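The structure appears right after this line, and notes come after that.
Numbered from 1 within each chain, the chains take letters A, B, ... in sequence-line order. Nothing here was measured: the structure is a model prediction, and the numbers come from that model.
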2 protein chains.
Amino acid sequence: MAGYSLGMKSEPPRLRPLAVHSPAADARPYHHGDLRAALLQAAEAELAERGMEGFSLRSVAKRAGVSHAAPAHHFGDAQGLLTALAAEAFRQFLAAQAARETVAEKDPASQLVAAGLGYVDFAIARPTLFRLMWQSDRPDFEVPDLGLSARAAYQHLIDQVAAAGGRSTADEAAVWALAHGLADLLASNRLRGVRSLEPEARDAMVADIIRRALPEV
Amino acid sequence: MAGYSLGMKSEPPRLRPLAVHSPAADARPYHHGDLRAALLQAAEAELAERGMEGFSLRSVAKRAGVSHAAPAHHFGDAQGLLTALAAEAFRQFLAAQAARETVAEKDPASQLVAAGLGYVDFAIARPTLFRLMWQSDRPDFEVPDLGLSARAAYQHLIDQVAAAGGRSTADEAAVWALAHGLADLLASNRLRGVRSLEPEARDAMVADIIRRALPEV
DNA sequence: CTCCTATCTTGACAGTGACAGGATAGACAG
DNA sequence: CTGTCTATCCTGTCACTGTCAAGATAGGAG
């Protein structure tokens, strides 16, 4: 649950040139060191603070301590940055599901419920990223990096539904819609009656609800 | 399904001053006549064409044939316009559910399924408006007009779940999440296996899925 | 007929994304 | 050590956006 971060290097890069003669306030070097990762990290923070609609490329650059045009070289334009961010988000979205699956019972039904819990975990922990993935027009799903990671998340769902005995399109749709609906409503801070529960009680209720999607199991 | 429109006057207002001496290209009068409704209509069209994130207040004004600052007098700012639009959307959202309910069987379970079909109808017919209502930060739900119409939609759901025998928070959440998840995924053009069905087949599948939310019925 | 007020316009400002051209520095060859 | 090459980053500019201030217009009340 804790510790998701998009920078992928925990150390803030900013490799200063060994301070040969720096007057201590020499500030940043001309070359950043790992600007691409820093921009992704800054973009996520900006998104979390100002929301999807208040997102600004220039603010991201400022937060990363860099000029307003610097992001262009790494991502092309704002859409490119958000596409890369969404791709990374889909990977962590799958990781959140996997984290639940490893601590769950190994039978297919329990694994399916665990994936649903991970789906919801991610939506609650990072609601703006969740919106970027599912409801925004800006990420370009034609870009292979994003298209593949999104498809991987979808395929994981399909596989689990099949393993749990789901056979029809309706079964797939029911499981997906239920998990997604819970996640989206919780991310938007609706469903307060569920969201305000203690973690254990909330998990139990979410699990109970998700099980309803597959009546025959 | 057809014919939703936010202008609420079907006639384009533009009451010209009876053409006393107009040289035929005298164009629009200084006062519009029903600018508020025209702006709501234009805003919906812009939203449908350019998407939530490409929305521009100046484009709305231009589409309504009016100066860029004209909307301010009726709505204050962009948030005010989108708040009014969302409030109207919630009313039509309820109307879409009511339309399905009137042609459905009158037992509580059928009425609940009908409401779910209306929920999905609206999301498919007007996806961007659906996003504005559920996933945007911009409408201000503290404004009574919007707060009340949103609450009315929520209350309608709660009442129907209760009438159909739902008793717990989990029952309410399951029904809402299932309908909402289907609607959102269909609005985003996911769930292609469902969306590409003929209307009758699609309705049958959506109904089948929604019935899963209340296992005891 | 006069004035009052709601309605709409024009003009300005800071902030935005994108682009062009220039500055910097690390790497590599000799 | 020197010179060049290239990826990286910066400054300056453009059209466009939302918001505010101030002025123009017209419909209606007195």
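- Taking the charged nitrogens against the carboxylate oxygens, R212(B) and D171(A) do have a contact shorter than 4.0 Å, which makes a salt bridge.
- F75(B) has its CZ atom 11 Å from the P atom of dC8(C), to the nearest Å.
- In this structure, E53(B) places its CD atom 13 Å from P of dG17(C), rounding to the nearest Å.
- Of the two residues contacting DNA chain C, namely K62(A) and A72(A), the nearest-nucleotide position lying further toward the 5' end is that of K62(A).
- In this structure, the CZ atom of R50(A) is 6 Å from the P atom of dT16(C), given to the nearest Å.
- Contact annotation: H74(A) reaches the phosphate of dC9(D) (side-chain N/O to OP1 or OP2, under 4.0 Å).
- When the nearest nucleotides of DNA chain C are assigned to H68(B) and F55(A) by heavy-atom distance, the more 5′-ward of the two goes with H68(B).
- Classification of D145(B) and R91(B) as a salt-bridged pair holds, one side-chain N sitting under 4.0 Å from a carboxylate O.
- Under 3.5 Å, the side chain of R58(A) and the base of dG15(C) form no donor-acceptor pair of N or O atoms.
- Between Y119(B) and W134(B), the ring-plane angle classifies as parallel under the 30° and 60° cut-offs.
- The main-chain N or O of D137(B) is found under 3.5 Å from a side-chain atom of E53(A) such that the two form a donor-acceptor pair.
- Between D77(B) atom CG and dG18(D) atom P the separation is 11 Å, expressed in whole Å.
- Applying the 4.0 Å criterion to OP1 and OP2 of dT7(C), one finds that H73(B) has a side-chain N or O inside that range.
- A70(B) comes within contact range of at least one nucleobase, with a heavy-atom separation under 4.0 Å.
- The aromatic rings of F90(A) and F141(A) sit perpendicular, their planes meeting at an angle over 60°, well past the 30° parallel limit.
- Within 4.0 Å (heavy atoms only), A69(B) reaches at least one base atom of the nucleic acid.
- As a whole-Å value, the separation of E46(B) CD from dT17(D) C1' is 13 Å.
- R138(B) comes within 4.0 angstrom of nothing in the nucleic acid, heavy atoms only.
- Taking atom CG of D34(B) as the reference point, atom P of dG27(D) lies 15 Å away to the nearest angstrom.
- Computed from coordinates, the L57(B) CG to dG18(D) P distance equals 5 Å when rounded to whole Å.
- With dT17(D), dC9(D), dT16(C) as the choices, the nucleotide that has an atom nearest any side-chain atom of S59(A) turns out to be dT16(C).
- Residue S56(B) places at least one side-chain N or O under 4.0 Å from the OP1 or OP2 atom of dT17(D).
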